[in-house]
Amino acid sequence: MNKKWIVVLLGILLVGAGLAYWNQKKKEAKGAQDSRQTVQATLGTIQDTVEATGEVQPLNRVEIKPPIAGRIEKLLVIEGDHVRGGDILGWMSSTDRAAILDAARAKGADELNHWQDAYKATPIIAPLSGSIILKNVVVGQTVDASTVLYAMSDKLIVLADTDETDIGRVKIGMPAVITLDAYPTSPIEGSVFQVLYEGKNVSNVITYGVKILPKTVPLFFRSQMTANISLISKKKENVVVLPASAIRTVAGGEHEVLVPGPDGKPVHQPVETGLENGDSVEIVDGLKAGDSVLVTTKKYSPQHAASSSPLVMGGPRQGGQQNLGQPNGKKGR
């Protein structure tokens, strides 16, 4: 073939490939253009919260140990029972009494009854009013002064581990919402009654304990249950609310939104904002409930390497193969 025609043919191919490439880029750019959807300002509730995790704990946990060494003869309460201070929780024999009763038992019922009446058992007394949260022994078990018989709690609270960056926002009396992992659909209302002064360092993260008292302790509360806590630092009801994505910040720190104009084109509308929580924003002035606002979103567009152009020399080979046998991709001779 004539060299002239070869050159002409190559030129036509290159021009065609270039047009195809730029046409593809134009389509991708069009696909990446911003799109807008319309939302409405609504009347609602907005709140700013401090999020924390924690667990259910007794406010005061008391372990009950035997007054003497000996043997457990009778237990009268179990976990979950409510008792008053001074109630008898069980009976036990001292080591001497247990030995005497065992010897009398071998001689018959009359001898056993005599010694049971003559040598009285020792009562186990509740030191305070509250709930039994642990029964740690059984009848017939031999115990000493270090054995824990029962554990009691006067009331169950929630201890929240709060990050040091948020602790300045936590105040006594602040309302809280407690959600247990075991009962995620049953939130419990409460309030902060104490902020601990000593922090904990766990993996170089400092947290402070915040004690929360539930308004009503539900029956399903159990010590050491994992809880998620929302501490409500601010809350406003019946205010105009917009999604945070609808708010634009302009020069000078002012805020604005885009609203549909009379000719269909978006119009910039200044607004005054109030409480924010990351998801929603309170609109103090500039909009009323029911007003339409345009929210700009990005369409998805696939990403391509710059070397995908047919006009770029040295693009990736078909199948993505590379010569790794020599430095810089050079072939060996």
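These numbers come from the heavy atoms of this one structure, side chains and all, not from hydrogens, waters or symmetry mates. Because the structure is predicted, anything quoted here is derived from the model rather than measured.
- The CG atom of Asn113 sits 10.5 Å away from the CG atom of Leu101 when rounded to the nearest 0.5 Å.
- With Arg71 as the partner, the side-chain hydrogen bond (donor to acceptor under 3.5 Å, both in side chains) test is satisfied by one option alone out of Thr142, Asp102, Thr95: Asp102.
- One hydrophobic cluster, built from ILVMFWY side chains closer than 4.5 Å, holds both Tyr183 and Val217.
- One side chain, Ser233 or Asp48, offers a donor N or O that lies under 3.5 Å from an acceptor on the other.
- Residue Glu282 holds its CD atom at 13.0 Å from CD of Gln47, rounded to the nearest 0.5 Å.
- Looking only at side-chain heavy atoms (C-beta outward), Thr162 and Thr207 stay at 4.5 Å or farther from each other.
- Put simply, the side chain of Gln141 never gets that close to the backbone of Ile72: no donor and acceptor are under 3.5 Å apart.
- Between the side chain of Lys135 and the backbone N or O of Val137 there is at least one donor-acceptor pair closer than 3.5 Å.
- Counting only residues at least two apart or in different chains, ring pair (Phe, Tyr, Trp, His ring centres under 6.0 Å) contacts with residues 243-273 are absent.
- Each ring pair (Phe, Tyr, Trp, His ring centres under 6.0 Å) pair with one or both residues in residues 74-123, not counting sequence neighbours, would appear here, but there are none.
- Side chain of Asp154 to main chain of Asn60: a donor-acceptor pair is present (N/O by atom type, distance under 3.5 Å, no hydrogens or angles).
- The closest side-chain heavy-atom distance from Val148 to Lys65 is below 4.5 Å.
- Here CD1 of Ile212 is found 5.5 Å from CD1 of Ile178. Values are rounded to the nearest 0.5 Å.
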Exercise. What do the steps show when you test Val192 against Lys171 for side chain to side chain contact (heavy atoms under 4.5 Å, CB included), and what is the final call?
Worked result: CA-CA 7 Å; Val192 174; Lys171 309 296 180 185; over 6 Å; no
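- In terms of modelled atom types and a separation under 3.5 Å, the side chain of Glu111 and the main chain of Gly108 share no donor-acceptor contact.
- Here the closest heavy-atom approach between residue Gly199 and residue Tyr208 is recorded as N-CE2, 3.4 Å.
- With rounding to the nearest 0.5 angstrom, the CG atom of Asn228 is 9.0 Å from the CG atom of Leu180.
- One distance of note links CG of Leu156 with CG of Leu213; it measures 10.5 Å at 0.5 Å rounding.
- Annotation: Lys234, atom NZ; neighbour count of heavy atoms from other residues, nucleotides and ligands within 6.0 Å does not exceed 12.
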For this session: Please assess Asp144 against Ser146 for the test side-chain hydrogen bond (donor to acceptor under 3.5 Å, both in side chains), listing each intermediate value before the final yes or no.
Result: CA-CA 6 Å; Asp144 58 30; Ser146 65; 2.7 Å; yes
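- With salt bridges taken as basic N to acidic carboxylate O contacts below 4.0 Å, one links Glu256 and Arg248.
- Thr165 and Asp163 are linked by a side-chain donor-acceptor pair at a separation below 3.5 angstrom, with hydrogens and angles left out of the test.
- Taken to the nearest 0.5 Å, the CG atom of Leu149 stands 7.0 Å off from the CE atom of Met92.
- Between Leu76 and the choices Asp81, Val83, Asp87, Ile88, the side chain to side chain contact (heavy atoms under 4.5 Å, CB included) rule is met once, by Ile88.
- Under 3.5 Å, the side chains of Glu55 and Thr226 contain no donor-acceptor pair of N or O atoms.
- Contact record, Thr49 with Arg169: O-NH2, 3.4 Å, taken as the closest heavy-atom pair.
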